[in-house]
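Predicted, not measured: the structure shown is a model, and the values here were computed from it. Throughout, a chain's letter reflects where its sequence line sits, starting with A, and its residues are numbered from 1.
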Amino acid sequence: MTVKTYREAIIEAMILEMKRDEKVFVIGEDISGGRGCEDFEGEAAGGPMGLTQGLWDEFGAKRVIDTPISETAIMGAAAGAALSGLRPIAELMFSDFFGVCFDQIYNQAAKFRFMYGDQGATPLVIRTMIGAGIGCGPQHSQSPYSIFANIPGLKVVTPSNPYDAKGLLISSIRDNDPVIFCEHKALLGMDGEVPDESYEVPLGKGKILKEGNDISIVAIGQMVGVVQNCIKSLEEKGISAEIIDPRSLSPFDDEMVYDSVEKTGRLLVLDESNPVCSFGSWITSMVSEEVFSSLKAPTKVLTPPHCPVPAAPNLEAAYLPDVETIISASENLKNYS
Amino acid sequence: MTVKTYREAIIEAMILEMKRDEKVFVIGEDISGGRGCEDFEGEAAGGPMGLTQGLWDEFGAKRVIDTPISETAIMGAAAGAALSGLRPIAELMFSDFFGVCFDQIYNQAAKFRFMYGDQGATPLVIRTMIGAGIGCGPQHSQSPYSIFANIPGLKVVTPSNPYDAKGLLISSIRDNDPVIFCEHKALLGMDGEVPDESYEVPLGKGKILKEGNDISIVAIGQMVGVVQNCIKSLEEKGISAEIIDPRSLSPFDDEMVYDSVEKTGRLLVLDESNPVCSFGSWITSMVSEEVFSSLKAPTKVLTPPHCPVPAAPNLEAAYLPDVETIISASENLKNYS
Amino acid sequence: MQLSKDKLIDAYTRMKKIRVFEETMRDEFAKGTVPAFIHLYIGQEAIASGICVELNDNDTIASTHRGHGHCLAKNSNLERMTMEIFCRADGLCEGKGGSMHIADLSVGMLGANAIVGANAPIAVGAALRQRVMGENLVSAAFIGDGASNQGAVFEAMNLASVLKLPVLFVFENNGYAEFTGVDYHCGGGDIAGRAEGFGMPSYKLDGSDFFAVQEAAAEAVERARKGEGPSAIECYAKRWYGHFEGDPQHYRTKEELETIRKDNDPLIIFRQKVEEAGLVESSELDIIDDDLTSKVFNAVEKAKNSPLPNVEELTTNVYEKGSY
Amino acid sequence: MQLSKDKLIDAYTRMKKIRVFEETMRDEFAKGTVPAFIHLYIGQEAIASGICVELNDNDTIASTHRGHGHCLAKNSNLERMTMEIFCRADGLCEGKGGSMHIADLSVGMLGANAIVGANAPIAVGAALRQRVMGENLVSAAFIGDGASNQGAVFEAMNLASVLKLPVLFVFENNGYAEFTGVDYHCGGGDIAGRAEGFGMPSYKLDGSDFFAVQEAAAEAVERARKGEGPSAIECYAKRWYGHFEGDPQHYRTKEELETIRKDNDPLIIFRQKVEEAGLVESSELDIIDDDLTSKVFNAVEKAKNSPLPNVEELTTNVYEKGSY
Ligand SMILES: Cc1ncc(C[n+]2csc(CCOP(=O)(O)OP(=O)(O)O)c2C)c(N)n1
Ligand SMILES: Cc1ncc(C[n+]2csc(CCOP(=O)(O)OP(=O)(O)O)c2C)c(N)n1
Ligand SMILES: [Mg+2]
Ligand SMILES: [Mg+2]
């Protein structure tokens, strides 16, 4: 067991899987970085966020493939490669760029199995960066995982810590369907215990981070860390929260949430996506439909407001749900009658 | 007052607005159709579904602009034209194609006002066809309005009948923000009373189609017609349904729904989009949060299942929520205790 | 024309099969038995056939909304393909795809595609097997003149060129994109020339002449297999019928239709060439004609009499079984 | 070089303003006062300036993530632009856009854009005012060598060509897209040549020579105003600094950096030409230098001392006031 960052965990997962299976390869922009330049003599950059560092040195240009800035071609090529037997890991540098290439993801890769009558699998992983919080502005800070989860045929994963990042990525690479693997940019430097060997964290299995009796709090991605910062205050206020990290949104561990709400009778969801048709609203909608009789209080979703992510640091801070809002929402639910 | 089809109502709205304001123009694929061919001598096709028939004859090629098959260029040009003072109506032939051009819609047009500090408006209408039911298969039958409604900065409209189609389209053209106007392909031939003169149906105002006391049923787009076919049976079963057509999803008339649920205590939503993070789930999530204490039964959303739209006609029929399912869901809610 | 007799017979069979099949589908559509819109390939038979005779089962193609011809030229299973068009349970795609989404992975037919231009990057992806695994294969994308204006197609050409992948970009210039002429929609007017701009050799040829297509394909395939990268082949051949069945074709003249049928029938041109050169007897081809007529007839009858999918199948195969 | 003295002074002022501004931003970034990543334009000053001296306020430009130079060349308000980079309430975008989204519609600057290539169709859209309303205007898009591979850019060129719109596609080939060289990422290697394939005239020139850029721009603008359609102008000029501030630039050599600064400084080249030709005195330019230094200093000080947006502004201006 060693302490590694979220970034290191991701790189390690790729290296292990590339060693295990020669069909796995990585394709994207600047992922070796510079290796294409004629007069190159420095070290391979490994992407602007260093998320593919070392891959080129280990596996070379046949399996670590730099591309032009052409996301449609990247995603389409990855979809086509997967359909014909390879196991691509395609990088979409920022998830905000899904708008230039979504057809290849949602009309192609996601539909191949169904539309072509299960003739083949599409074992494709799309690694992409989500999230606000570090000043990247309206077009580089979004978290469109609710949109991804809306699409039948896609799987969607949102690791909140280094351990899960590694295990979920390994599972995603071994999975036989297209998976969108959402890496949160504010978590890349986060430390955690990460075993050196290979292990899987299964898709569709949530994790109870803390048991509790008064309120179930489901937190996604970066929000997991934020809610963990609330635990002490909540306890001080006499609120026993059960905290759930679903880890994957599609498939989603609805049973875990139902069981928890049946126990607590109260549900709060913390979600960084846009509010309307958010994943948070999907969870509360399911709960309101499936375990209605257990509910002692209204369900509650905390998301950013219905606006783009602003550039100004003080506005961006106000944009994200924070400790204070979470605590007061929890109190309201606890005191509801 | 004359009887017109949904298709005719749409054409009429465009003609009236183009006459009123020289800044309004239409751009898209095959919208005059054939006029570009050197040896053309027939009539202008007006789009594969005839939705722009007659426009070219009335306004000519300067304002009825045929394009190559390049949706990104179309949407981007429309966004740029709107930002610089024109009022484009851009046609996205099938909404299923949003995946090839969504960046221009969601990162550009939708964000201009916010991101550029309210320096200018983006009065853009994107007319696009949604919906299943006529055998178009997995890539031509989708209803991605939940995804559109997720995006801050976009407005989203879903007319269910000819009268609303005309009035909502006129309002959308006059609106100073980007509007996605969703035309349902199964409704194009639907007849209805449509005044000849110009009128607006405001965005953000729902319509109560029928008052009732036992259950509130919110139906979107094509589902409005389906629920209307249930009214008699519901009455026979002693269920007094209040039926709401929200007409626009963004802005959404949440007050109308809250008021209704406060009266009935029960909510059923009929929605043709994919289930996960559907607009239906957003409505029930809001209701479960805002008027929880009025709820006498679980909220319920009926959507198609989490799968692509199949080609086979019998599967497609099973895909859409139908009269039987609606009636039995209503009974379940009514009888819940 | 140095092809073996077997190959000539094979080529003719592919083309003729498309012709007979499509004429039959036209009749069926008129009768109302086909559950959706169909887009006929007649007039372009030599393109799919000229390319596919140069490919093996291990080689792949990615097709379009006008895909029946590509399927047949790549030797997809005729019966199961017909069933798919009729959306039957035993269709290649279990009835879930229909005419615009037929695939037959067993022969490298990666799928028809109702998103114009989307097949180009997919074909590039299949070609990555050469780079990643060292496999000997070629991948072809069929791209309409209209589709040639999609960003996906340009990006795909650039990527294939940068990575030197074994891809054939086959541009089927049939004069129209729906109702809009290529003279209008194609800036610069030279599809092959635009492809050359991405750093690949290109051909521009008569797509109703099988031999013109096949010769270009043979060269391009050889280069691709050697690892020398992609090529573009622009084939000009107008479609004989409407964009879809039911299209009144106001955008073109009766004379145009008569001329192409008279002067540009790929089957007549092929027959003339091989018969004049004494390579194949007319009577041998007549036998093939008869054989195909009955094969297609049988396939259609069988399809129409086979069951639709079970309604329980609606939600299967969205994901790998047991994984969701 | 038949420009008036006023125009020469104007040109120099634009270029030098960019230089002074960007060097200042570099210092500020190093000090940690800038709230986000910034992408410097130094080395490419002659491109934005050479294009924009040929444009009026009514003409529009659509910019990139590397947009400071375009803003200044189009005469955006220096103080409010600086405030925007510091995300202040009185910034051009009320602090909501930041460095990568500065717009100044009052001078036809339609916005920096953090989606590479997305500005090209937007510029085409602005040009539609000529067709729809008969307005006399020109619209320019600045497009990096890397961005030139985006589908959006190809589609935009084709659309502008088909509709004969008054657009300048200005390709800023600075040698790199992030860390990847143009020799690698650009299939065919000839960005201007690819543009010609869409049926528009093109130029390929030294982007560190203001006069080369300006002459091409003047011709292209004239054609555009006459309704003769778009042009492409490929300008080669390497950036002096990293992709973003903080980039260690492992992908290029120290020698390369030294050479471009010595041989390709647009300001030195400009000064040499105008001074040798006796058009402007060196001392006149020195005065401009001093003036700009203090203007930029003042703008930065003012920006740093001005308030951030009010937190209530977070949710304003998503839609037109009162409409949602
Ligand atoms: C992205 C996208 N845009 C538009 C369409 C609608 N559409 C279907 S076929 C077609 C014309 C295609 O023309 P071309 O590529 O020349 O192929 P052809 O029909 O002539 O075989 C169009 C516009 C589509 N299917 N996909
Ligand atoms: C669609 C999209 N893909 C990728 C990126 C990430 N990105 C930002 S700048 C850049 C390189 C751009 O290169 P170039 O167009 O040459 O402009 P330069 O930075 O050299 O000015 C990349 C890949 C992006 N912003 N948008
Ligand atoms: Mg065509
Ligand atoms: Mg560059």
Original post:
Relative to chain B, which of C/Gln249, C/Glu313, C/His101 shows the most heavy atom pairs under 4.5 Å?
Top reply: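 Winner by heavy-atom pair count: C/His101.
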**OP:** For chain B, find which of C/Gly144, C/Gly98, C/Ala177 contributes the most heavy-atom pairs closer than 4.5 angstrom.
**Re:**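 Sorted descending by pairs with chain B, the first entry is C/Ala177.
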Subject >> Nearest non-hydrogen partners of B/Pro313 and C/Cys87, listed with the distance >> reply: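 Closest approach of B/Pro313 to C/Cys87: CD-CB, 4.0 Å.
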Hey, are the side chains of [X] and [Y] touching, using non-hydrogen atoms and a 4.5 Å cut-off?
X        : Y        : result
C/Thr315 : B/His306 : no
B/Pro68  : C/Cys186 : no
B/His140 : C/His65  : no

In Å, rounded to the nearest 0.5 Å, how long is the span from [atom1] of [X] to [atom2] of [Y]?
X        : Y        : atom1 : atom2 : answer
C/His185 : B/Ser70  : NE2   : OG    : 9.5 Å
C/Thr180 : B/Ile69  : OG1   : CD1   : 8.0 Å
C/Tyr184 : B/Thr67  : OH    : OG1   : 7.5 Å
C/Tyr251 : B/Asp30  : OH    : CG    : 9.0 Å
B/Phe97  : C/Ile115 : CZ    : CD1   : 5.0 Å

Original post:
Given a strict heavy-atom distance threshold of 4.5 Å, which part of C/Val311 is in contact with chain B: side chain, backbone, both, or neither?
Top reply: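 For C/Val311, backbone and side chain are both near chain B.
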Original post:
Non-hydrogen atoms of chain B under 4.5 Å away: do they reach the side chain of C/Tyr319, the backbone, both or neither?
Top reply: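 Answer is side chain: those atoms of C/Tyr319 sit under 4.5 Å from chain B.
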Original post:
Are any side-chain N or O atoms of B/Asn314 and backbone N or O atoms of C/Asn310, one a donor and one an acceptor, separated by less than 3.5 Å?
Top reply: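 A pair under 3.5 Å: no.
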Original post:
Any donor-acceptor pair under 3.5 Å linking the side chain of B/Gln139 with the backbone of C/Ala114?
Top reply: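 Answer holds: yes.
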**OP:** Using a cut-off of under 4.5 Å on heavy-atom pairs, state which of B/Cys307, B/Ala317, B/Gly47, B/Gly137 scores highest against chain C.
**Re:**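 Result: the option with the highest number of such pairs is B/Cys307.
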**OP:** Flag the one option from B/Pro305, B/Ala73, B/Pro48 with the top tally of heavy-atom pairs under 4.5 Å to chain C.
**Re:**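 Of the options given, most contacts go to B/Pro48.
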Original post:
With a cut-off of 6.0 Å (strictly less than), are more than 12 heavy atoms of other residues, nucleotides or ligands near NZ of B/Lys62?
Top reply: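 Atom NZ in B/Lys62 is not crowded, with 12 or fewer foreign heavy atoms closer than 6.0 Å.
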Original post:
Side chain, backbone, both or neither: which part of B/Glu29 has a non-hydrogen atom closer than 4.5 Å to chain C?
Top reply: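 Looking at B/Glu29, nothing touches chain C.
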Subject >> Residue part contacting chain C, namely of B/Cys136, when any heavy atom lies under 4.5 Å >> reply: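 It is the backbone, since no side chain atom gets that close.
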